[in-house]
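Note that the structure is a prediction, hence the values are computed from the model and not measured.
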Amino acid sequence: RRKTHKRDKELVKSWRTRRRTKDYDQIYEEVTVPEKGAAVIAKFREEADVDLPGKGEYYCMACARHFINQENLDTHQASKLHKRKVKKLQTERPHYQRDARSEAPMYSA
């Protein structure tokens with residue numbers, strides 16, 4: 001029996017990217033650079049996006065998640081998952097490719 005969607009690249013790609021969230025380095029920049037963070041918050045407050053939960057009003061910057069109401073946002077902020085992400089943002093810097101290139105020794109054969 002043949003698998004039905006084995007070579008359907010568009011379908012497989014849509015499965016992988018359906019719940020795509022922001023990467024750690026993007027979240028780190030939003031939290032640490034005040035201009036970027038303020039721009040993100042202003043964007044959600046200015047225009048109500050009906051596609052987002054809670055019309056985009058209730059947003060956790062550390063986790064890059066939207067919530068339906070303030071109560072759910074408060075519950076999330078008291079959770080272990082949120083506290084771990086906040087601690088990670090405070091203690092760890094993201095790894096960038098430019099840093100890896102500058103620190104790696106160049107060998108010639």
Glu30: which residues meet the side-chain hydrogen bond (donor to acceptor under 3.5 Å, both in side chains) condition with it, sequence neighbours left out?
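Residues passing side-chain hydrogen bond (donor to acceptor under 3.5 Å, both in side chains) with Glu30: Lys22.
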Quick one: list whatever passes side-chain hydrogen bond (donor to acceptor under 3.5 Å, both in side chains) with Asp23, sequence neighbours left out.
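Testing Asp23 for side-chain hydrogen bond (donor to acceptor under 3.5 Å, both in side chains), a comparison that skips the adjacent residues, returns Arg20.
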Applying salt bridge (charged side-chain N to carboxylate O under 4.0 Å, His left out), name anything that partners Lys36, two or more places apart in sequence or on another chain.
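Lys36 satisfies salt bridge (charged side-chain N to carboxylate O under 4.0 Å, His left out) with Glu29 once adjacent residues are dropped.
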Side-chain contact test, heavy atoms from C-beta onward, threshold under 4.5 Å: evaluate it for Ile68 versus Tyr58 and give yes or no.
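No; the side chains remain at least 4.5 Å from each other.
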Looking at Tyr28 and Glu92, what are the two nearest heavy atoms and their distance?
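Smallest interatomic distance, heavy atoms only, reads CE1-O, 3.5 Å.
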Shortest non-hydrogen separation from Ala62 to Ile27 and the atoms involved
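Minimum heavy-atom separation between Ala62 and Ile27: O-CG2, 3.3 Å.
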Rounded to the nearest 0.5 Å, what's the gap from CG on Asn72 to SG on Cys60? Could you check?
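Between atom CG of Asn72 and atom SG of Cys60 there are 12.5 Å.
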When rounded to the nearest 0.5 angstrom, what is the spacing between CG in Leu73 and CZ in Arg65?
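Reported to 0.5 Å precision, the distance equals 10.0 Å.
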Please tell me whether Val31 and Val86 are part of a single hydrophobic cluster in this structure, the criterion being side-chain heavy atoms less than 4.5 Å apart.
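Hydrophobic grouping puts Val31 apart from Val86.
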Among residues at least two apart in sequence or on other chains, which ones pass ring-ring contact (aromatic ring centres under 6.0 Å, His included) with His82?
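Counting only residues at least two positions away or on another chain, His82 forms a ring-ring contact (aromatic ring centres under 6.0 Å, His included) with His76.
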Under the 4.5 Å side-chain heavy-atom rule for ILVMFWY, direct or indirect, which residues accompany Val33?
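Hydrophobic cluster check, Val33: no partners found.
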Test: salt bridge (charged side-chain N to carboxylate O under 4.0 Å, His left out). Region: residues 67-87. Which pairs qualify, not counting sequence neighbours?
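Listed once each, the pairs would be none.
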